[in-house]
Amino acid sequence: MQAPTIGGVRVRKGDGETIRLARGASLTDFAEKIGVDPASLVQMLFHLGEMVTATESVNDATLELLGEELNYVVEIVSPEDEDRELLESFDLEFGADEGGEEQLAARPPVVTVMGHVDHGKTRLLDALRKANVGEKEAGGITQHIGAYQVHTQVDGEDRRITFIDTPGHEAFTAMRARGAQATDIAVLVVAADDGVMPQTVEALNHAKAAEVPIVVAVNKIDKPEADPTKVRGQLTEYGLVPEEYGGDTMFVDVSARAELNLEQLLEAIVLTADASLDLRANPDQDAQGLVVEAHLDRGRGPVATILVQRGTLRVGDSIVAGPAYGRVRAMLDEFGNNIEEADPSRPAMVLGLTAVPGAGQNFIVVDDDRVARQIAEKREARERAALQAKRRVRRTLEDFMASMEKGQSQELNLILKGDVSGSVEALEDSLSQIDVGDEVSIRVIDRGVGAITETNVDLAAASDAIIIGFNVRPQGKATEMAEKEGVEIRYYSVIYQAIEEIEAALKGMLKPEYEEAVLGQAEIREIFRSSRIGNIAGCMVTDGVIRRNAKVRLLRDGAVVVESADLSSLRREKDDVSEVREGFECGLVIKGYGDIKTGDVVECFEMREIPRG
């Protein structure tokens with residue numbers, strides 16, 4: 001079969017067969033699959049109007065375009081499928097209990113606490129676990145996910161419940177959605193004095209999407225303006241009908257501050273779990289689960305808060321968590337006490353990883369460190385390629401030519417550093433949604449967890465970037481180096497502020513836009529000739545105001561004779577004036593133009609900057 005020629009490039013055409021490519025694959029990867037030279041694909045894309053090198057990560061649309069051109073069906077493998085295939089290649093499987101029914105044992109329910117900002121989620125958890133997180137939070141907003149386990153007595157039996165606290169800020173939607181996916185039951189906290197708010201609905205939608213039972217905690221019932229009945233009525237509209245109204249959702253009136261009815265809430269959670277769910281897992285297999293949160297601790301290195309979903313995690317196990325791996329050096333419970341093992345539904349802090357995994361990534365125990373390292377390295381390479389493809393803007397020849405003609409469009413380069421991976425991810429997502437037009441854009445060139453280092457400052461200096469520190473500070477000589485290199489470092493502890501300031505900075509980078517504002521008109525009634533300054537127009541201001549330092553245009557019979565000129569003189573009687581208002585006479589001279597006639601109209605206008613936003 002004759003190879004097709006595109007722009008003089010000859011490439012073997014396929015027969016419609018399917019090629020599977022990972023997200024963020026390069027043209028070299030594509031070329032290997034179809035047995036051609038990568039350079040020919042680069043050339044081909046060039047003739048199709050896209051500029052791509054052979055080794056850079058390419059986005060899905062470009063790979064599909066190339067596939068169409070060459071008669072191949074390009075199937076982009078999702079990260080989840082790719083991860084499953086990667087684990088299968090090592091004879092591992094994530095997400096399944098080993099053995100039969102007899103090996104499964106009951107496990108505690110995992111409960112996510114959700115709701116609107118400032119409705120008392122953190123205070124409720126504080127009251128349940130007798131620890132205080134709320135006061136340490138910046139601006140009273142929970143910035144991290146935490147996991148805790150509490151005990152309660154139901155029918156004389158000791159029952160454990162694991163709580164995951166999700167942040168209430170709308171910028172953490174991704175984290176909150178992830179919290180709902182890791183959970184068995186959602187507790188929706190609604191303030192009795194405030195009622196259903198936008199984020200209450202958002203949290204409710206996440207819980208419904210995750211198909212988990214919901215228990216409603218109506219908080220702040222000790223307040224005089226509290227109205228729990230109103231909350232029940234509002235939530236009925238969203239399909240949550242209380243049991244007392246004939247529905248199947250348990251509502252519990254509580255007060256976190258006064259510690260009212262907390263036992264009833266725990267009991268409602270246990271009863272909902274028993275009635276709706278079959279919560280069992282095999283505690284004897286190798287542990288698997290989720291990373292709830294992770295951060296870099298100065299003394300301990302990377303620390304990950306994990307939630308064991310099946311199996312039992314023990315100190316000394318080899319573990320892979322996302323692109324991080326290592327041997328479990330130590331495990332701590334939520335109070336900082338050392339524990340030797342964590343059974344299903346148990347949250348624990350794990351020390352001993354090589355890097356900080358991302359919030360929501362899965363972890364799995366493997367046979368030895370060598371296997372752990374191989375899986376982690378492949379995951380890291382895949383993540384990096386997918387991230388580069390996501391960040392790569394499709395650059396066409398037309399874009400290139402246009403930017404050559406009008407000068408490069410403005411780009412704000414950012415380096416994000418935060419105390420925990422979830423915050424960095426949420427901040428990046430929020431910033432990527434800022435839109436102030438096509439002229440300026442944000443590009444996150446690096447992101448990471450931990451203190452701002454000299455390497456970050458180096459990169460910022462080389463790429464003209466601003467460093468954003470979220471709850472972190474520089475270490476070593478990074479501050480000194482930043483001052484020397486002229487690198488700007490901005491520190492934030494509340495996400496709202498970071499988003500607002502960066503949006504303002506982007507608007508500041510926009511070229512100002514102006515609109516014309518007509519100030520007034522004057523009719524020329526008489527013309528006085530002066531040998532020194534030329535023709536003087538004797539005018540009557542018929543509308544608005546004529547200003548000395550504004551622009552004027554000359555109209556004759558409705559047509560523009562002079563488009564934009566300055567006034568060299570504006571007088572009222574014999575005095576120089578800065579402006580003359582409607583109903584008054586004046587004398588004016590148009591700079592550089594003397595061919596004026598009686599009956600002409602002088603229109604005065606100024607250009608005003610249009611505020612962006």
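Just so it is clear, the values below take in all heavy atoms, side chains as well, and ignore hydrogens, waters and symmetry mates.
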Kindly indicate whether the side chain of T305, heavy atoms from C-beta on, has any atom under 4.5 Å from the side chain of V291. no
Polar side-chain atom of Q234 near backbone of V196 as donor-acceptor pair, under 3.5 Å: yes
SB check D278 R280 (cutoff 4.0 Å): yes
Any non-hydrogen side-chain atom of T112 less than 4.5 Å from a side-chain atom of F163? no
Side-chain ion pair, R123 and E259, N-O less than 4.0 Å: no
Separation between CD (E428) and CD (Q433), nearest 0.5 Å, reads 11.0 Å
I'd like to know if the side chain of S255 reaches the main chain of L260, judged simply by a donor and an acceptor atom lying under 3.5 Å from each other, with no hydrogens or angles considered. no
Less than 3.5 Å apart, any donor N or O on the side chain of H151 or D158 sitting next to an acceptor on the other? yes
Go through the steps for T152 and E267 under the test side-chain hydrogen bond (donor to acceptor under 3.5 Å, both in side chains), then give the verdict. CA-CA 8 Å; T152 186; E267 189 176 334; over 6 Å; no
In Å, rounded to the nearest 0.5 Å, how long is the span from CD of E263 to CG of L128? 8.5 Å
Report the distance from atom NZ of K208 to atom OH of Y238, rounding to the nearest 0.5 Å. 9.5 Å
Could you walk me through whether D227 and K220 pass the salt bridge (Lys or Arg N to Asp or Glu O under 4.0 Å) check? CA-CA 9 Å; D227 188 356; K220 305 188 181 183; over 6 Å; no
Worked check of side chain to side chain contact (heavy atoms under 4.5 Å, CB included) between Y492 and I468: CA-CA 8 Å; Y492 300 99; I468 303 291; 3.8 Å; yes
Residues A192 and P228: closest non-hydrogen pair is CB-N, 4.3 Å
Under the side chain to side chain contact (heavy atoms under 4.5 Å, CB included) criterion, do V212 and I185 qualify, and how do the steps go? CA-CA 5 Å; V212 294; I185 293 174; 5.8 Å; no
Check: I445 and I415 side chains under 4.5 Å, non-hydrogen atoms: yes
In Å and rounded to the nearest 0.5 Å, what is the CG to CG distance from N456 to L416? 10.5 Å
Do N261 side-chain atoms and Q264 backbone N/O form a donor-acceptor pair below 3.5 Å? no
Non-hydrogen side-chain atoms of I364 and I319 separated by less than 4.5 Å: no
Hey, are the side chains of I161 and V150 touching, using non-hydrogen atoms and a 4.5 Å cut-off? yes
Treating S345 as the side-chain partner and P108 as the backbone partner, does any N or O pair qualify as donor plus acceptor under 3.5 Å? yes
Looking at A217 and L124, what are the two nearest heavy atoms and their distance? CB-CD2, 4.3 Å
For the CG atom of D60 and the CG atom of L21, what is their distance to the nearest 0.5 Å? 9.5 Å
pair H295-S421: side-chain heavy atoms closer than 4.5 Å: no
Report, as yes or no, whether the 6.0 Å neighbourhood of atom CG on D248 holds more than 12 heavy atoms from other residues, nucleotides or ligands. no
Looking at A324, is its backbone amide N or carbonyl O close enough to the side chain of E380 to form a donor-acceptor pair, meaning the two atoms are under 3.5 Å apart? no
Are there more than 12 heavy atoms of other residues, nucleotides or ligands under 6.0 Å from atom NZ of K378? no
Could you walk me through whether V241 and L235 pass the side chain to side chain contact (heavy atoms under 4.5 Å, CB included) check? CA-CA 7 Å; V241 183; L235 284 174; over 6 Å; no
Could you check whether any side-chain heavy atom of L313 comes within less than 4.5 Å of a side-chain heavy atom of V365, counting everything from C-beta outward? yes
Ionic contact status for R160 with D343, cut-off 4.0 Å: yes
Would the distance check show the side chain of D155 and the main-chain N or O of E157 forming a donor-acceptor pair, the cut-off being under 3.5 Å? no
I'd like to know if D184 pairs up with R107 as an ion pair, taking the criterion as any Lys NZ or Arg NE/NH1/NH2 lying under 4.0 Å from an Asp or Glu carboxylate oxygen. yes
Might you work through the side-chain hydrogen bond (donor to acceptor under 3.5 Å, both in side chains) test for T312 and E341, ending with a clear yes or no? CA-CA 7 Å; T312 300; E341 56 180 46; 5.6 Å; no
If you take all heavy atoms of A207 and I214, which pair is closest and at what distance? CB-CD1, 3.8 Å
Decide yes or no for S432 and I442: does some side-chain heavy atom of the first lie under 4.5 Å from some side-chain heavy atom of the second? no
Could you state the interatomic distance from CZ (F363) to CD (Q288), rounded to the nearest 0.5 Å? 8.0 Å
Residue E211 excluded, over 12 heavy atoms near CD under 6.0 Å: no
Give the intermediate values and the outcome of side chain to side chain contact (heavy atoms under 4.5 Å, CB included) for residues V252 and V216. CA-CA 6 Å; V252 185; V216 179; over 6 Å; no
Checking R232 against Y245: charged group under 6.0 Å from the ring centre and within 45 degrees of the axis? no
Before accepting this row, confirm whether a basic side-chain N of the pair D274/R159 lies closer than 4.0 Å to the acidic partner's carboxylate O. yes
Minimum-distance pair of heavy atoms, taken over all atoms of A372 and Y325: O-CB, 3.7 Å
Nearest heavy-atom approach of A127 to A256 is CB-O, 3.8 Å
Can you name the closest pair of heavy atoms from V254 and I221 and give their distance? O-CG1, 3.2 Å
